[in-house]
**Student:** 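Just dropping this structure here.
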Amino acid sequence: MVKPRHFITLNDLSADELRSIIQRAIELKKMRVDGIIHEPLKNKVLAMIFEKSSTRTRISFETGMTQFGGSALFLSPRDTQLGRGEPIADSARVISRMVDGIMLRTNNHETVTTFASNSKVPVINGLTDRFHPCQLLADLQTWFELRGDIKGKRVCWVGDGNNMCQSYMNAAKLLDFQLTIACPVGYEPEQALLSATASHVELFQDAKLAARDADLVVTDVWASMGQEEEQKVREQAFKEYQVNSALMSVAKPDALFMHCLPAHRGEEVSPEVLDGKQSVVWDEAENRLHAQKALLEFLME
Ligand code: CP
Ligand code: NVA
């Protein structure tokens with residue numbers, strides 16, 4: 001069996017491949033505005049397995065497959081034998097004999113890697129506890145559209161050293177930008193990843209020091225999916241890490257603000273920043289569609 005290409009983290013792509021997917025996403029967006037029908041995945045099927053909730057990821061993958069002439073299956077563990085304990089490897093063997101690609105959103109990163117090693121078709125990580133690479137495709141597309149290449153720029157991550165933060169760390173190394181991370185003690189990203197990306201990543205506790213002269217400021221929820229019971233403890237731990245006008249004022253005057261959404265106004269971001277002029281969160285959300293179409297074309301055509 002020829003091993004399929006998977007997209008489990010950004011490191012599954014070379015820098016050139018990542019740049020070409022971003023450029024293709026920009027082209028596909030324009031083709032849609034121009035009303036050009038493009039159906040490279042006619043009759044192809046993407047299975048989508050969601051262990052967690054989703055608005056953007058589900059709708060963008062499903063819509064993208066339809067626009068490409070194919071279709072997508074929404075599968076929740078509740079409705080499949082996965083929820084009744086059928087082994088992940090067996091599920092991967094079976095599902096990948098029937099469909100042309102599989103996207104998973106899972107609690108544990110290892111579920112996606114186990115799935116991929118037993119799949120005959122490309123597997124896409126639609127978010128795990130450790131990484132959310134599809135969101136990075138959209139964030140990078142948004143940056144490239146509005147500002148050009150990101151090489152050499154300063155990006156500041158504020159908040160939890162979570163799946164989004166860790167995906168930014170991979171992106172920094174691949175596309176050669178500087179990432180400053182401001183996070184409270186105890187919520188840092190994984191040590192091994194900090195070591196692997198040390199040339200491009202700097203860790204701070206003080207958000208204002210980290211955000212100084214940033215070209216882009218990014219944050220995410222304080223409690224990710226599955227951490228709901230830690231909400232109160234996290235609100236205390238992260239209270240100095242809100243992205244608000246005071247924090248944005250130390251970044252470059254034309255700095256952009258991004259958030260993968262859903263956002264909590266008044267927690268990790270103030271309403272005036274989320275709904276303000278520097279925020280590009282709605283473009284970022286829309287670009288999930290275009291960026292993932294570029295990814296689907298790259299992996300499945
Ligand atoms: N940003 C993101 O992945 O959103 P969903 O959880 O709605 O898919
Ligand atoms: N860090 C968040 C991202 C949601 C898109 C979570 O994992 O819930």
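The structure displayed is predicted, hence computed values, not measured ones. Just so you know, residue 1 is the first one in the sequence shown, and it goes up from there. Indexing begins at 1, ligand by ligand and atom by atom, following the structure's order.
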**Student:** Taking the side chain as every heavy atom from C-beta outward, state whether Glu145 and Lys29 have any atom pair closer than 4.5 Å.
**Tutor:** yes
**Student:** Would Thr111 and Asn108 count as having a side-chain donor-acceptor pair, cut-off 3.5 Å?
**Tutor:** no
**Student:** When you check ligand 2 against the protein, what N or O pairs turn up below 3.5 Å? List the atom names and distances, or just say none.
**Tutor:**
{"from": "ligand 2", "atom 1": "1 (N)", "to": "Asn162", "atom 2": "ND2", "distance (Å)": "3.4"}
{"from": "ligand 2", "atom 1": "1 (N)", "to": "Asn163", "atom 2": "OD1", "distance (Å)": "2.9"}
{"from": "ligand 2", "atom 1": "1 (N)", "to": "Asp220", "atom 2": "OD2", "distance (Å)": "2.6"}
{"from": "ligand 2", "atom 1": "1 (N)", "to": "Ser224", "atom 2": "OG", "distance (Å)": "2.7"}
{"from": "ligand 2", "atom 1": "7 (O)", "to": "Asn163", "atom 2": "ND2", "distance (Å)": "2.8"}
{"from": "ligand 2", "atom 1": "7 (O)", "to": "Ser224", "atom 2": "OG", "distance (Å)": "3.4"}
{"from": "ligand 2", "atom 1": "8 (O)", "to": "Met225", "atom 2": "N", "distance (Å)": "2.8"}

**Student:** Looking only at side chains, do Thr142 and Asp283 share a donor and an acceptor under 3.5 Å apart?
**Tutor:** no
**Student:** Do me a favour and list the nearest non-hydrogen protein atom to atom 2 (C) of ligand 1 with residue, atom name and distance?
**Tutor:** Arg288 NH1, 3.3 Å
**Student:** Can you find a non-hydrogen atom of Leu261 under 4.0 Å from ligand 1?
**Tutor:** yes
**Student:** How far is atom 4 (O) of ligand 1 from its nearest protein heavy atom, and which residue and atom is that?
**Tutor:** Arg56 NE, 2.8 Å
**Student:** Are Phe7 and Phe298 near enough that their ring centres are under 6.0 Å apart?
**Tutor:** no
**Student:** Measure the acute angle between the ring planes of Tyr168 and Trp157, then classify it against the limits of 30° and 60° as parallel, tilted or perpendicular.
**Tutor:** tilted
**Student:** Let me confirm one number: the CD-CD distance from Gln141 to Glu286, rounded to the nearest 0.5 Å.
**Tutor:** 8.0 Å
**Student:** Please report which non-hydrogen protein atom sits nearest to atom 3 (O) of ligand 1, along with the residue it belongs to and the distance in Å to one decimal place.
**Tutor:** His132 NE2, 2.8 Å
**Student:** Which protein non-hydrogen atom lies closest to atom 6 (O) of ligand 1, naming both residue and atom, and how far is it?
**Tutor:** Arg105 NH1, 2.8 Å
**Student:** Would Cys260 count as being in polar contact with ligand 1, using the rule that some N or O on each side must be under 3.5 angstrom apart?
**Tutor:** yes
**Student:** Salt-bridged, Arg93 to Asp90, with N to O below 4.0 Å?
**Tutor:** yes
**Student:** Enumerate the atoms of ligand 1 whose separation from the nearest heavy atom of Thr55 is less than 4.0 angstrom.
**Tutor:** 5 (P), 7 (O), 8 (O)
**Student:** Less than 3.5 Å apart, any donor N or O on the side chain of Gln231 or Glu235 sitting next to an acceptor on the other?
**Tutor:** yes
**Student:** When Phe257 is tested against each of Val281, Leu247, Val218 for side chain to side chain contact (heavy atoms under 4.5 Å, CB included), which residue passes?
**Tutor:** Val281
